[in-house]
Asker: 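One structure is given below, represented as structure tokens, and several questions about it will come after.
Both counts, for ligands and for their atoms, begin at 1 and track the order of listing. Given the structure is predicted, the values throughout are model-derived calculations rather than measurements. Start at 1 with the first residue, then count along the sequence.
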Amino acid sequence: MSLIDRIKQQILQDGYVTVAALMHQALYDLQDGYYQSKDPVGKDGDFITAPEISQLFGEAVGVWCLQQWQQLGSPDSFYLVELGPGRGTLMADVLRTVRVVPAFMKGASVHLIEVSMPLKSRQKQTLATYNIRWHESLESLPTDKPCIVIANEFLDALPVRQFQYTDAAWHERVVRMDNEQNMMFCQMDKTTHIGNAYLPEESAVDGNVLEICDAAHSLCVKLYKRLVEQTGAALFIDYGYVDNAYGDTLQAMKQHKHTAVFDTLGKADLTCQVNFGIIRHIAEQQGLHATLNSQRDFLLQFGIRERLATLYKNTHAEQQQALLVAYQRLTSPEKMGLLFKALSIASTH
Ligand code: SAH
């Protein structure tokens, strides 16, 4: 039975599925989930990510890793971890950059957390010359050493719960079937209490939608505990917002175009914008230091402009233009520069 038919069957049986459950099944179903079906990243896939645009991105992240390692007291043994490494391009660029500090390379043991089989084999190819270990989740990563963790466009893939404000109360958004057996968004009759930490300052009006990513929060709590206990740092880069806000940000992308969520379940990438304010708040609650920047400011701070100048000088004229276009795409306020944020978290100042 196809993924869509199985979801419909579940709706018929239970009356509904929540938006989070729908997202979870569409992305992670072991048989037909989006991440099990193919390599979704790149020109021939459904979306392009920053490390695939240019090596400039991964090199700046590499400089961030070196700085964190130094601030941790240059530990001689630590875990360098990536969550959701895609094609392995970001880690390859990071490892090339950190080579300038041999003690970093010597101390690092590289661990990748990946659920997708097609992407894991892609990562194996990209990183063939390195000694890498893979995990399906953070749970199996050893806990005995400091860790430096990077994650680009990872949090946006985690299933989000949506709530809709109706008649002065919040109701979880769910998917039901209409008379023609088509899926449609609805809401539960039952109301849900939403904690103040999630609510925007301005009061809600009927129709407002609020998103809460429980999956991201519980992952962060686990990760942050390790950073506190064993010391370490984490970097989350993604598209998202800083202050709590209303809005339905669920989107499906297929072949670089937005598509309708229900038509392409399991066949298109499904993401929501990341609520960085909450991810930062959870870190601060654990006593960690958090710095939130736009992607643009982060990349500038970690030397993208200087690196651009060096590469520009050393490349052929026809590649110089491509380099400038990539730099613009990553940093310009109208492109990824402001919509994307970088949250850097550390156990030390
Ligand atoms: N970081 C890469 C890929 C981003 S796409 C880049 O910037 O190009 C999202 C990545 O996260 C994919 O590798 C996907 O397989 C992985 N992923 C999504 N959900 C995951 C989960 N719950 N646990 C581990 N990996 C996950």
Side-chain angles (χ1 to χ4, degrees), residues 20-21 23-30 32-62 64-65 80-95 110-127 132-141 149-160 213-220 222-223 234-240 251-254 256 266 268-274 295 298-299 326 329-330 336 340-343:
M23 239 182 128
H24 189 273
Q25 199 161 355
L27 292 177
Y28 302 120
D29 184 82
L30 290 177
D32 305 309
Y34 179 67
Y35 286 120
Q36 295 311 339
S37 61
K38 59 169 189 167
D39 169 0
V41 191
K43 250 195 224 125
D44 301 328
D46 297 319
F47 57 94
I48 295 254
T49 56
E52 304 297 332
I53 292 174
S54 166
Q55 69 187 78
L56 290 167
F57 180 83
E59 288 169 353
V61 173
W64 175 88
C65 291
L80 179 61
V81 182
E82 184 173 358
L83 308 175
R87 296 178 145 191
T89 310
L90 174 58
M91 187 51 87
D93 290 339
V94 164
L95 290 172
V110 181
H111 291 251
L112 303 182
I113 318 284
E114 178 56 79
V115 281
S116 155
M117 293 314 281
L119 284 173
K120 186 173 161 187
S121 31
R122 185 70 199 224
Q123 291 153 22
K124 281 192 171 152
Q125 283 169 22
T126 313
L127 299 161
I132 311 262
R133 258 161 284 174
W134 275 268
H135 306 263
E136 278 177 22
S137 80
L138 209 54
E139 316 295 331
S140 54
L141 179 75
V149 182
I150 56 174
N152 183 60
E153 292 212 38
F154 167 74
L155 292 177
D156 68 3
L158 301 181
V160 155
C213 190
D214 287 342
H217 305 163
S218 55
L219 178 132
C220 286
K222 281 186 208 135
L223 176 66
L235 177 67
F236 290 109
I237 303 183
D238 226 307
Y239 78 144
Q251 67 167 33
M253 285 283 268
K254 190 165 169 54
H256 307 274
D269 188 34
L270 277 184
T271 58
C272 282
Q273 292 200 24
V274 173
Q295 172 166 303
F298 172 85
L299 292 174
R329 195 163 163 195
L330 292 172
M336 295 173 82
F340 280 72
K341 316 278 189 290
L343 177 63

Asker: Going by the side-chain contact (heavy atoms from CB on, under 4.5 Å) test, name the single residue among Leu219, Ile113, Ile237 that passes it with Phe154.
Answerer: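 Exactly one pass, corresponding to Leu219.
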Asker: Only heavy atoms of Ile113, strictly under 4.0 Å: list the atoms of ligand 1 that pass.
Answerer: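 Under 4.0 Å from Ile113, ligand 1 has these atoms: 24 (C), 25 (N).
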Asker: What are the atoms of ligand 1, with element, lying closer than 4.0 Å to any heavy atom of Ser116?
Answerer: 15 (O)
Asker: Just distances here: any N/O of Leu83 and N/O of ligand 1 closer than 3.5 Å?
Answerer: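 Between Leu83 and ligand 1, no N or O pair is found under 3.5 Å apart.
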Asker: Do Cys65 and Ile150 have side chains that approach each other closer than 4.5 Å (heavy atoms only, starting at C-beta)?
Answerer: yes
Asker: Are any of the N/O atoms in Tyr28 less than 3.5 Å from those in ligand 1?
Answerer: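 Looking only at distances, the answer is yes, because the N/O contact criterion of under 3.5 Å is met.
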Asker: Which bit of Leu119 is near ligand 1, meaning a heavy atom under 4.0 Å away: side chain, backbone, both or neither?
Answerer: side chain
Asker: Report the part of Leu158 (side chain from C-beta onward, or backbone N, CA, C, O) that has a heavy atom under 4.0 Å from ligand 1; answer both or neither where that applies.
Answerer: side chain
Asker: Would you say Ser140's side chain and Glu136's backbone share a donor-acceptor pair under 3.5 angstrom?
Answerer: no
Asker: Who's closest to atom 9 (C) of ligand 1 heavy-atom-wise, of Glu114, Lys120, Glu153?
Answerer: Glu153
Asker: Taking distance alone, with no angle check, do Thr49 and ligand 1 share an N/O pair under 3.5 Å?
Answerer: yes
Asker: Within less than 4.0 angstrom of ligand 1, does Leu90 place any heavy atom?
Answerer: no
Asker: Got the closest protein heavy atom to atom 17 (N) of ligand 1, with its distance?
Answerer: Val115 CG2, 3.8 Å
Asker: Taking C-beta and beyond as the side chain, do Asp269 and Pro40 meet within less than 4.5 Å on heavy atoms?
Answerer: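 Heavy-atom side-chain distance check fails, nothing below 4.5 Å.
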Asker: Could you pull out all residues at least two apart from Tyr28 that satisfy ring-ring contact (aromatic ring centres under 6.0 Å, His included)?
Answerer: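 So Tyr28 forms a ring-ring contact (aromatic ring centres under 6.0 Å, His included) with His24, Tyr35.
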Asker: Just distances here: any N/O of Glu136 and N/O of ligand 1 closer than 3.5 Å?
Answerer: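 Not met; the criterion fails.
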Asker: Could you tell me which non-hydrogen atom of Glu114 sits nearest to which non-hydrogen atom of Gly86, and how far apart they are?
Answerer: OE1-N, 3.7 Å
Asker: So if I count the atoms of ligand 1 from 1 in the order they appear, which ones are less than 4.0 Å from some heavy atom of Asn152?
Answerer: 1 (N), 2 (C), 4 (C), 6 (C), 7 (O)
Asker: Under 3.5 Å, N or O to N or O, is Gly86 touching ligand 1 that way?
Answerer: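 Yes, at least one N or O pair falls under 3.5 Å.
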Asker: Who passes side chain to side chain contact (heavy atoms under 4.5 Å, CB included) against Asp93, sequence neighbours left out?
Answerer: Gln55, Thr89, Arg96
Asker: At their closest point, which heavy atom of Val110 faces which heavy atom of Met91, and how far apart are they?
Answerer: CG1-CE, 3.9 Å
Asker: Identify, by atom number and element, the atoms of ligand 1 in contact range of Pro51, meaning under 4.0 Å from any of its heavy atoms.
Answerer: 6 (C), 7 (O), 8 (O)
Asker: Please say whether Gln123 places an N or O atom under 3.5 Å from an N or O atom belonging to ligand 1.
Answerer: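 In this structure, Gln123 places no N or O atom under 3.5 Å from an N or O of ligand 1.
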Asker: Without swapping roles, check the side chain of Gln295 against the backbone of Leu330 for a donor-acceptor pair under 3.5 Å.
Answerer: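 Judged by distance alone, yes, a pair lies under 3.5 Å.
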